[in-house]
Amino acid sequence: MISVSTEYMDIGRIAESGQCFRMERAADERSYEIVAGSRMVRATPADGEYLLDCDENTFNAFWKDYFDLGTDYSAFTDRIDRNDSYLTAAVKCGGGIRILRQDPWEMIVSFLISQQNNIKRIRRCISNISEKYGRKMARSDGSVYYAFPEPEPLAVLDEDALMECNLGYRSKYVVRAARDVCEGRFAPDSLTEMSCEQAREALLRLYGVGEKVADCICLFGLHHLSAFPVDTHIKQALAREYPDGFPFERYKGFEGVIQQYIFNYELVRK
DNA sequence: TATCAGGCCCTAG
DNA sequence: CTAGGGCCTGAT
């Protein structure tokens, strides 16, 4: 068991933030089951902290980095303009937010599915494709979960085959991306060598990837903190709170972190 | 019943 | 290059 303070990392808040679609409430309605690639960890809220049911080696080798626990977010939040009452309130309301370091391929598929879609259904779609095309995994306690699907089993499908998994018109986006990977036209691993701008350009060439989706992949799959995805909520918030323009310059290099605080704040206020 | 949810593609002008 | 219709599906 590993414990992490809620103030430092708030799993519940991150689960709502829409950056990860495989953080689901377990059957006990209290703990979260978090799946990343083919790994799974259970996080149980305790007194001001979360208990992760992994051993120290696994934590240090994987989850610590996954949750970006080596980064001090107060270095970001300390740079908020104190005269900016909106951002100040947003940061106050977003304690424990972190930008996860997730897998690029997983983020490509997840955010292709996310477009014109709601979080609840996105979760179900991803759960569906994982159960059907992901590897079945068994934990030592006997419980079962499904790894995120690799490109190979998806690449051989008919373009509309994933409609069966409820992806709707996004089915062909996912199948084509899988084919691009398997047939050598696109290498998700190569993205990690690129700058944010280079990766964005490469991603935009994928069918079904537009600017918003590309930015999400850069931020959550490549940890380019300068990526600033603008969805309808962010657009509305910026128009309402910053009619003369948002001060991007001030937050250069960690715009994406600020985006998460704004997004969370908007969600909480609804 | 209509609208829209964390968009993108494609076509017209 | 910009505007606008179409797109799967489920929730409200």
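This one's a predicted model, so the numbers in the text were calculated from it and none came from an experiment. Protein chains get the first letters and strands the later ones, always in sequence-line order, with residue 1 at the start of each.
Near-neighbour residues of DNA chain B inside residues 13-26 of chain A, defined by a heavy atom below 4.0 Å, number-ordered: A/Ser17, A/Gly18.
The base of B/dG7 has none of its N or O atoms less than 3.5 Å from a complementary donor or acceptor on the side chain of A/Lys212. With hydrogens and angles ignored, a donor-acceptor pair under 3.5 angstrom links the side chain of A/Tyr169 to the base of B/dG7.
In this structure, CG of A/Asn118 is placed 18 Å from P of B/dT3, rounded to the nearest angstrom. A/Ile119 has its CD1 atom 15 Å from the C1' atom of B/dC4, to the nearest Å. Between the P atom of C/dG10 and the CZ atom of A/Arg124 lies a distance of 7 Å, rounded to the nearest Å. Taking atom NZ of A/Lys172 as the reference point, atom C1' of B/dG7 lies 13 Å away to the nearest angstrom. For the pair A/Lys235 NZ and B/dC4 P, the computed distance is 14 Å after rounding to whole Å. Per the geometry, CD belonging to A/Gln116 stands 13 Å off C1' belonging to B/dC9, to the nearest Å. Between the CZ atom of A/Arg123 and the C1' atom of C/dA11 there is a distance of 16 Å, given to the nearest Å. The nearest whole Å value for the distance from the CD atom in A/Glu211 to the C1' atom in C/dT2 is 14 Å.
Nucleotides B/dT3 and C/dG5 are separated by 16 Å at their C1' atoms, to the nearest Å. Taking atom P in both B/dC8 and C/dG10, the straight-line distance is 22 Å, to the nearest Å. Rounded to whole Å, the C1' atom of C/dT2 lies 23 Å from the corresponding atom of B/dG6.
Residue-level contact check: A/Gly168 touches the bases, meaning some heavy atom is under 4.0 Å from a base atom. No engagement by A/Val230 is indicated, since no non-hydrogen atom pair under 4.0 Å with the nucleic acid exists. Nucleic acid contact for A/Leu206: sugar-phosphate only, since backbone atoms but no base atoms lie under 4.0 Å from a heavy atom of the residue. Counting non-hydrogen atoms under 4.0 angstrom, A/Ile234 reaches nothing in the nucleic acid.
For the residue pair A/Tyr73 and A/Asp68, a side-chain donor N or O sits within less than 3.5 Å of a side-chain acceptor on the partner. Side-chain atoms of A/Arg25 and A/Tyr32 form a donor-acceptor pair, as typed in the model, at a separation below 3.5 Å.
Just one residue in the list A/Arg101, A/Arg98, A/Arg39 forms a salt bridge (charged side-chain N to carboxylate O under 4.0 Å, His left out) with A/Asp65, and that residue is A/Arg101.
Each of A/His233 and A/Arg176 was matched to the nucleotide of DNA chain B holding its nearest heavy atom; the match closer to the 5' end belongs to A/His233. Nearest-nucleotide positions on DNA chain C for A/Asn117 and A/Tyr173 put A/Tyr173 closer to the 5' end.
The A/Met163 side chain lies nearest to C/dC8 when the options are C/dC8, B/dG6, B/dC8. Residue A/Tyr207 has its side chain nearest to B/dC10 when only B/dG6, B/dC8, B/dC10 are considered. Side chain of A/Arg121, nearest nucleotide from B/dC10, C/dC8, B/dG7: C/dC8. Checking C/dG10, B/dG6, B/dG7 against the side-chain heavy atoms of A/Phe111 singles out B/dG6 as nearest.
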State the dot-bracket string of DNA chain B. Criteria: Watson-Crick or G-U wobble, both atom distances under 3.5 angstrom; notation: ( ) intrastrand, [ ] crossing earlier pairs, | interstrand, . unpaired.
-> .||||.|||||||
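Contact detail for A/Phe186 and A/Ala202: the closest heavy-atom pair is CE1-O, 3.9 Å.
A salt bridge does not link A/Arg22 to A/Glu106: none of the charged nitrogens lies less than 4.0 Å from a carboxylate oxygen. Ion pairing of A/Asp215 with A/Arg200 is present here, as a side-chain N (NZ or NE/NH1/NH2) and a carboxylate O approach within less than 4.0 Å. Under 4.0 Å is where a charged nitrogen must lie from a carboxylate oxygen, and between A/Asp53 and A/Arg139 at least one such pair does.
Taking 4.5 Å as the limit, some side-chain heavy atom of A/Tyr86 sits within range of a side-chain heavy atom of A/Arg240.
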Steps toward ring pair (Phe, Tyr, Trp, His ring centres under 6.0 Å) verdict (A/Phe220, A/Phe111) | CA-CA 10 Å; A/Phe220 305 125; A/Phe111 285 99; 5.7 Å; yes
Working for side-chain contact (heavy atoms from CB on, under 4.5 Å), residues A/Leu100 and A/Phe67 = CA-CA 5 Å; A/Leu100 304 180; A/Phe67 290 115; 3.6 Å; yes
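Under the 4.5 Å side-chain heavy-atom criterion for ILVMFWY residues, no single connected hydrophobic cluster contains both A/Val156 and A/Tyr133.
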